[in-house]
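Below, each value reflects all heavy atoms present in this structure, side chains not excepted, and no hydrogens, waters or symmetry copies. All chains are named by letter (A, B, ...) in the order of the sequence lines, taking the proteins before the strands, and each is independently numbered beginning at 1.
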Amino acid sequence: MVMTPTAAPSADPDVRPRISVVDLDMAYGGLLIQRDISFTVRPAEIFVVMGGSGSGKSTLLRHLVGLKAPARGDVFYDGRSLWTADPAERDDLMRRVGVVYQSNALWSSLTLSENVALLLEEFTDLSAGEIRDAAALKLALVGLAGFEDYYPSEVSGGMAKRAALARALALDPEILFLDEPSTGLDPISARLLDDLVLDLRDGLGTTVVVVTHDLASIQAIGDNSVFLDTETKTMMAHGNPKALLADPPNPRVRAFLNRESVYQ
Amino acid sequence: MTVERLGRDTYLVRLAGSWRLRDRLPSAADVLKMPGYVRGVRHLTFDTTQLGAWDTGLLTFIRHLIDESQRAGIEVDHTGLPADVERLLALASAVPTRGIVPEPVRLPWLGRAGTTVIETGRATVAVLAFVGEACDAFAGLFTGRVKIRWSQFGLLLYEVGVRALPIITLVGTLIGLILAFGAAVQLRQLGVQIFVADLVGISVSQEVGALITAIILAGRTGAAFAAQLGSMQVNEEIDALTTAGIPPVQFLVLPRMLALILITPLLTIYTDLFGIIGGGLVAVTVLDLSLTTYVTRLIQVVTMNDFLMGLVRASVFGVLIALAGCLRGMQCGRSATGVGLATTSAVVTSIVLTIIADGLLSMIFSVFRL
């Protein structure tokens with residue numbers, strides 16, 4: 001069966017979804033994580049994947065960025081299938097993507113500048129000087145001017161997170177994925193990171209997909225969202241986070257968004 | 001703790017004093033074993049008015065007692081329990097024991113055998129794929145398709161080679177000493193002390209030097225490669241390379257493989273040298289040979305062929321150690337335990353492969369009368 005992406009539930013029906021997830025089942029071996037996941041992400045939208053711990057949010061991200069093949073279903077970038085594409089085409093699709101990992105995943109043997117520069121060296125024809133300037137600009141954009149020659153182990157968690165963001169932006173990706181960006185950050189740093197994501201989206205028109213369970217962040221930056229439920233192993237809600245908070249479609253979504261105990 | 005019978009069918013458990021984990025607490029089984037506890041009892045109540053300090057030791061006792069009593073059809077009245085105990089018991093029982101992790105399925109023997117075969121097949125395919133990818137990257141180096149970051153490569157050479165020199169010096173010298181010392185008594189009895197140069201020179205240059213170097217590198221460098229790549233796996237650094245479109249084998253494995261291919265023969269020559277020096281120390285101090293006699297005999301008996309055989313061995317061992325170390329690191333799970341297992345496995349795999357390869361090469365050299 002050939003699957004095609006469905007149109008986004010957009011105010012403007014002519015806007016083609018940047019990402020479409022169609023009937024996705026996720027599993028580790030025989031253990032089902034989530035099933036029947038379908039949603040679309042519009043260009044320049046900040047899309048939040050939310051849910052409790054162990055609900056499969058980060059696993060979904062691994063499916064979206066080509067690290068884990070789905071048990072069923074597919075992911076489409078601008079209508080092009082990620083999982084039926086040949087390796088060269090998949091590499092081409094992934095070239096349009098930047099990822100900020102939960103653990104930052106900065107290459108520890110390289111300086112912050114080299115972390116950003118490596119991608120420019122690999123995938124552009126820029127000269128060494130131009131690459132150095134471009135890397136310095138990316139670091140400056142995230143507030144790390146002057147820290148070019150520091151190693152990841154020499155900077156704080158918040159700075160490492162911003163450096164990871166700078167690296168993800170190295171090739172000016174069309175789509176930026178952030179996995180639990182506020183993990184390990186104090187509330188002020190987390191807020192600054194949210195502002196930075198908003199600024200980058202507004203300035204560069206980047207589509208952003210954020211995997212998080214940080215309620216403040218969800219409400220601050222999310223244009224659209226899905227809620228993955230641990231219990232039923234499927235997507236329970238899809239829509240604007242503020243609208244979901246105002247009118248939750250079911251008790252589990254309400255409990256999550258209002259920080260209530262589901263056992264009460 | 002005392003237990004009283006109230007009326008015909010009710011038991012009262014009276015709890016007094018300190019009920020903390022560090023106190024010697026009675027077990028719920030002590031209550032259950034009391035004569036007549038189950039027979040005829042329908043209700044259980046508590047009196048905690050004399051209860052002193054308590055912690056989760058009390059909760060464990062009460063929880064167990066309640067579970068066992070309910071299993072025996074006894075109704076438990078919680079009203080005598082302190083409100084805090086009651087709240088914590090409710091909290092503990094409210095957490096559903098959901099089957100997030102499925103119960104392990106016990107397969108029949110045929111199923112287990114089949115699963116083992118399939119898993120072994122998958123592991124073999126994974127190893128072959130890794131080796132194929134490494135060979136492809138190596139070939140790409142010559143066609144210009146694959147680039148190496150030379151500054152990083154230089155650091156790698158320093159780490160793998162230069163920093164290994166002290167340990168190689170020590171072990172190489174000791175191996176020469178041990179070989180010569182082991183044979184010294186017999187050689188002296190036969191009056192052929194001069195043959196110590198043959199023994200040490202030929203064995204070290206042909207085989208022992210390469211083998212000892214390989215074992216040191218397996219423990220030092222192979223383990224380090226596995227730990228480095230394993231940590232990168234845990235920190236998602238390898239995922240970051242993959243999503244960035246940079247093949248981890250090209251970026252991480254190829255330079256390490258190349259470094260060991262270059263360094264192992266060089267370190268083997270160094271080991272050979274110090275092995276021969278160690279043998280010379282015994283020849284001069286124990287066997288009363290002059291240094292000139294020892295060196296002259298060495299030059300007569302040790303041929304370039306012997307050294308080349310050692311260097312061929314060293315090159316093969318270098319490739320095997322690099323592949324085993326990097327493979328185990330790349331296969332590492334996403335935990336600290338996984339890094340430890342990868343490191344151990346890298347050393348064991350490297351040494352086993354080295355010994356097997358040494359045996360095979362000895363057979364090949366013998367067949368070709370080298």
Visitor: So, for A:Ser108 and B:Glu237, which heavy atoms are closest and what is the spacing to 0.1 Å?
Guide: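 Looking at all heavy atoms of both residues, the shortest contact is N-OE1, 3.1 Å.
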Visitor: Using only non-hydrogen atoms and a strict under-4.5 angstrom cutoff, which residues of residues 121-145 of chain B touch chain A?
Guide: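 Listed by number, there are no contacting residues, so the answer is none.
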Visitor: Among A:Val65, A:Leu118, A:Val100, which has the most heavy-atom pairs under 4.5 Å with chain B?
Guide: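 The residue among A:Val65, A:Leu118, A:Val100 with the greatest pair count is A:Leu118.
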Visitor: So for atom CD, which belongs to B:Glu86, do other residues, nucleotides or ligands contribute more than 12 heavy atoms lying within a distance under 6.0 Å?
Guide: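 Yes, because the 6.0 Å sphere around CD of B:Glu86 holds more than 12 heavy atoms from other groups.
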Visitor: Check whether more than 12 heavy atoms from other residues, nucleotides or ligands sit under 6.0 Å from atom CG of A:Asn258, and answer yes or no.
Guide: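 Buried by this count: over 12 neighbours within 6.0 Å.
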Visitor: If the threshold is 4.0 Å, N to carboxylate O, is there a salt bridge linking B:Arg149 and A:Glu121?
Guide: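 Answer for the salt bridge query: yes.
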Visitor: Within this structure, what is the CG-OG distance for the pair B:Leu252 and A:Ser109, rounded to the nearest 0.5 Å?
Guide: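 Between atom CG of B:Leu252 and atom OG of A:Ser109 there are 8.0 Å.
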Visitor: Tell me, side chain or backbone of A:Val99 under 4.5 Å from chain B's heavy atoms, or both, or neither?
Guide: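 The side chain, not the backbone.
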Visitor: For B:Trp150, does the CH2 atom sit with more than 12 other heavy atoms under 6.0 Å from it, leaving out its own atoms?
Guide: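 Correct, the count exceeds 12.
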Visitor: Return the CD to CG distance between A:Glu122 and B:Leu241, rounded to the nearest 0.5 Å.
Guide: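 Answer rounded to 0.5 Å: 9.5 Å.
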Visitor: What residue in B:Lys147, B:Arg334, B:Met232 has the most heavy-atom pairs under 4.5 Å with chain A?
Guide: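 Looking at each of B:Lys147, B:Arg334, B:Met232 in turn, B:Arg334 comes out on top.
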Visitor: Indicate yes or no: at least one non-hydrogen side-chain atom of B:Ile246 is less than 4.5 angstrom from one of A:Leu119.
Guide: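 They are in contact (side-chain heavy atoms under 4.5 Å apart), so the answer is yes.
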Visitor: Heavy-atom cut-off 4.5 Å, strictly under: side chain, backbone, both or neither for A:Arg62 against chain B?
Guide: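 When you check distances to chain B, only side chain atoms of A:Arg62 fall under 4.5 Å.
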Visitor: Considering only heavy atoms, which portion of A:Phe177 lies under 4.5 Å from any heavy atom of chain B: side chain, backbone, both, or neither?
Guide: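 Interface part for A:Phe177: neither.
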Visitor: With a 4.5 Å limit on heavy-atom distance, are the side chains of B:Thr243 and A:Tyr101 in contact?
Guide: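 B:Thr243 reaches A:Tyr101 side chain to side chain.
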Visitor: Is there side-chain contact between B:Gln152 and A:Leu110, with at least one heavy-atom pair below 4.5 Å?
Guide: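 A side-chain contact under 4.5 Å exists here.
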Visitor: Quick check: are there more than 12 heavy atoms from other residues, nucleotides or ligands sitting under 6.0 Å from CZ of A:Arg90?
Guide: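 Above 12, so yes.
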Visitor: Where does B:Gln228 contact chain A at under 4.5 Å (heavy atoms): side chain, backbone, both or neither?
Guide: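 For B:Gln228, no heavy atom lies under 4.5 Å from chain A.
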Visitor: Ignoring hydrogens, what is the shortest heavy-atom contact between A:Ala105 and B:Glu236? Give both atom names and the distance.
Guide: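 Answer, listing the atom of A:Ala105 first, then B:Glu236: CB-O, 3.3 Å.
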Visitor: If I measure from the heavy atoms of chain A, does B:Leu155 come under 4.5 Å with its side chain, its backbone, both, or neither?
Guide: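 Contact with chain A involves no heavy atom of B:Leu155 at all.
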